[in-house]
Number of protein chains: 2
Amino acid sequence: MKDVAARAGVGLKTVSRVVNEEPGVTPDTAARVQAAIDALGFRRNDSARLLRTRRTASVGLVLEDLADPFYASLSRAVEDVARAHGALLFTGSSTENPRREQELVLAFCARRVDGLVVVPAGDDHRYLVPEIDAGVATVFVDRPAGRIDADVVLTDNAGGTRAGVAHLIAHGHRRIGFIGDQPGIHTAAERLRGYREAMADAGIDVRPQWYAMGPTTPQRVQAVLASMLSGPEPVTALLAGNNRVTVTAVRVLSGRPEPVALVGFDDFELADLLDPPVTVVAQDAPGLGRTAAQMLFRRLDGAATGTSRVELPARLIPRGSGEIPPSS
Amino acid sequence: MKDVAARAGVGLKTVSRVVNEEPGVTPDTAARVQAAIDALGFRRNDSARLLRTRRTASVGLVLEDLADPFYASLSRAVEDVARAHGALLFTGSSTENPRREQELVLAFCARRVDGLVVVPAGDDHRYLVPEIDAGVATVFVDRPAGRIDADVVLTDNAGGTRAGVAHLIAHGHRRIGFIGDQPGIHTAAERLRGYREAMADAGIDVRPQWYAMGPTTPQRVQAVLASMLSGPEPVTALLAGNNRVTVTAVRVLSGRPEPVALVGFDDFELADLLDPPVTVVAQDAPGLGRTAAQMLFRRLDGAATGTSRVELPARLIPRGSGEIPPSS
DNA sequence: CAAGAGATGGACAACGTTGTCACGATCAGG
DNA sequence: CCTGATCGTGACAACGTTGTCCATCTCTTG
């Protein structure tokens, strides 16, 4: 900018005015400055600018895994809202690792992002208190923050599984299985809760071997499912607690003679092309991202009200696999 | 930092030294400074730091759509490499819009990112020359840059379709269709070229109604495919030029009585669960991202050699749909 | 013609860091 | 005890902007 000023024969501030289209510059002078800018290929250094103005026009997004389709569409929604507000987006994957989550969040804070959208991996976010006090708007999404009070946008997970299980019950099932992720994960716990509630509502006594929580690797899901399907009281229907479980379940079930009803949690592309088409409880990933981002910018725009908690409904989409009647 | 210095009763620079773990500070002083830091909840402002050091430790990633699984895994790979080099990642979706691409790229440049990974949407990147000259390392991925010489990492698209078509020919097909994306998109043009080459290699005269390039909306693909399957010389096999085409093709073909062989370009989750399982030519999305990011950092680490062009192979994965024999 | 108003332009400090350099204290060797 | 090296520390400028404030110049108006 100094160079531009020298070349145009004007003061530093005048160049700044031209660059920012501030009033008070003769068209003549402005043209001379613009010529110098073009000749030198000058571009304003936003880092320096933002150091001065104390707003970085950027937000940080921390999620579990950018490559997961669910989080990918969530990101995209956050990005769209950020763009509408003229902000750029930092993204980072925590890979379900609390330490990594904290590293990312603090790195973003050190960059002085205006706000954060976080899919928490850990269960203690007290480390964020100084940052939030310092003015970093923060919204949690998909899972609540741990041990601090903060804005959060969630799917109604319990309601979702409740609806899924009720759907199976309505189709005549009583021995219904549930395979969920690690119980430490909030969404997994909530989904289990919904399962229990729906079973209780129907007056069904849940056998311990009907549900399992743990890592959702194909091997483990396969083993767990096999054991649910054998024994004296085999399940006739399964509620799969997440996408990975659903996929493995489809594989396992397609290789078995007796039909088993299946409802998956989380929609996925091509679910309607499988045989049978897979009934799911769908989350609104873009909706989560959009809502979270909107809350963030509302807060940045000054709405300094207390923290709020929004729950988005999950939607049951019947496609076939969830409407299979009990085989015995 | 000023506050910390005051509280600890030391100079500004000493605090800086402690924060950056530079040598030459008595353990005693360091402890005092650290105490002040903790008490004040101080965190270094990286924006200011990077203004001074002229390295932002961040790279910008511009791609077509973050929500697309292909680009999502590409992003993730770029992120992993960036992380290994201690850099943060800005991401933005161009939505296949050249103006938007340019806006994003220039916004990243104004933030003084160290480097850029770009999936180009436009076909003229001369606007980037001043930036590259100014030292912004730039690598294009998935598609080459337009009208400038720059590093690029590509899939061997022509080789991929060539392999796919050859596979169909080996299974007895001669009337083979191809539905591709808009011809202006480099990857689409290359895939068409591979199709033509493979057909020519087999001495097959390609009828004009056997291939079509254009927007890959379900409606259009459906219409085009229907016309390919009718008439005096209907195709007995189809090579789908991208994911969206493949999905629509599966839908259309599953509703028809006569079996039609199908090879899709780009792998997708659950392809093996469909009936029949879908044979694809798979791209290595993480490989593209990883390679591009590695080239970027190699360049940042000083390797100022000429530009290079890397082509990653595409891999044919037979699963069933591509091995269906001709129906007539 | 004097004086006030409005337009135009620039000097300077500040944002929060780090690099450079110089200063004083301590220490080893002669 | 002196000399020179080494160590710890801090003052200061600089990075590239913008906000504040003041100076100048040109009108308009009484």
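Proteins get letters first, then strands, A, B, ... in listed order; numbering begins at 1 in each. Computed from a prediction, not measured in an experiment: that's the story for all the values here. All values below were derived from every heavy atom in this structure, side-chain atoms included, with hydrogens, water molecules and symmetry-related copies excluded.
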Please tabulate, one pair per line, all N/O donor-acceptor pairs under 3.5 Å involving side-chain atoms of residues 110-124 of chain B, not counting sequence neighbours.
from, atom 1, to, atom 2, distance (Å)
Arg111(B), NH2, Thr56(A), O, 2.5
Arg111(B), NH2, Ala57(A), O, 2.8
Arg112(B), NH1, Cys109(B), O, 3.2
Arg112(B), NH2, Arg43(A), O, 2.9
Asp114(B), OD1, Thr56(B), N, 3.1
Asp114(B), OD1, Thr56(B), OG1, 3.4
Asp114(B), OD2, Ala57(B), N, 2.8
Asp124(B), OD1, Arg126(B), N, 3.0
Asp124(B), OD1, Arg126(B), NE, 3.0
Asp124(B), OD2, Arg126(B), NE, 3.3
Asp124(B), OD2, Arg126(B), NH2, 2.6

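Within residues 12-37 of chain B, the residues approached by DNA chain D to less than 4.0 Å at the level of any non-hydrogen atom are Lys13(B), Thr14(B), Arg17(B), Gly24(B), Val25(B), Thr26(B), Thr29(B), in residue-number order.
When only modelled atom types and interatomic distance are considered, Asp151(B) and Thr307(B) share no side-chain donor-acceptor pair under 3.5 Å. Donor-acceptor pairing under 3.5 Å is lacking for the side chains of Asn97(B) and Glu101(B). Side chains of Ser93(A) and Glu64(A): a donor-acceptor N/O pair is absent below 3.5 angstrom, by distance only. Checking Asn242(B) against Asp266(B) by side-chain atom types alone, no donor-acceptor pair falls below 3.5 Å.
The distance between atom NZ of Lys2(B) and atom P of dC12(D), rounded to the nearest whole Å, is 15 Å. Distance, Asp3(A) CG to dG16(D) P: 9 Å, rounded to whole Å. Per the geometry, CG belonging to Leu50(B) stands 16 Å off C1' belonging to dT17(D), to the nearest Å. If you take CZ of Arg44(A) and P of dT17(D), they are 9 Å apart, rounded to a whole angstrom. Computed from coordinates, the Met1(A) CE to dA14(D) P distance equals 19 Å when rounded to whole Å. The separation between Asn45(B) atom CG and dA14(C) atom C1' is 14 Å, rounded to whole Å. dG16(D) atom C1' lies 8 Å from atom CZ of Phe42(A), rounded to whole Å. Atom CZ of Arg52(B) is separated from atom P of dC12(D) by 16 Å (rounded to the nearest Å).
Minimum interatomic distance between Phe108(B) and Gly60(B) (heavy atoms only, all atoms of both residues): CD1-CA, 3.8 Å.
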- request: Under the side-chain contact (heavy atoms from CB on, under 4.5 Å) rule, what do Leu296(A) and Val59(A) come out as? Steps first, then yes or no, please.
  value: CA-CA 9 Å; Leu296(A) 187 78; Val59(A) 314; 3.8 Å; yes
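The backbone N or O of Gly287(B) lies less than 3.5 Å from a partner atom in the side chain of Thr291(B), making a donor-acceptor pair.
Rounded to 10 degrees, the angle between the two end axes of the helix from dC1(C)-dG30(D) to dG30(C)-dC1(D) is 50°, with five pairs used at each end.
Contact annotation for Arg43(A): backbone-only contact, meaning every heavy-atom pair under 4.0 Å involves sugar-phosphate atoms and none involves a base.
Checked by distance alone, Arg49(A) brings no side-chain donor or acceptor within 3.5 Å of a matching partner on the base of dT17(D).
Between Asp80(B) and Arg76(B) there is a salt bridge, since a side-chain N of the basic residue sits under 4.0 Å from a carboxylate O of the acidic one.
Phosphate contact (OP1/OP2 of dG16(D), side-chain N/O of Arg54(B), threshold under 4.0 Å): present.
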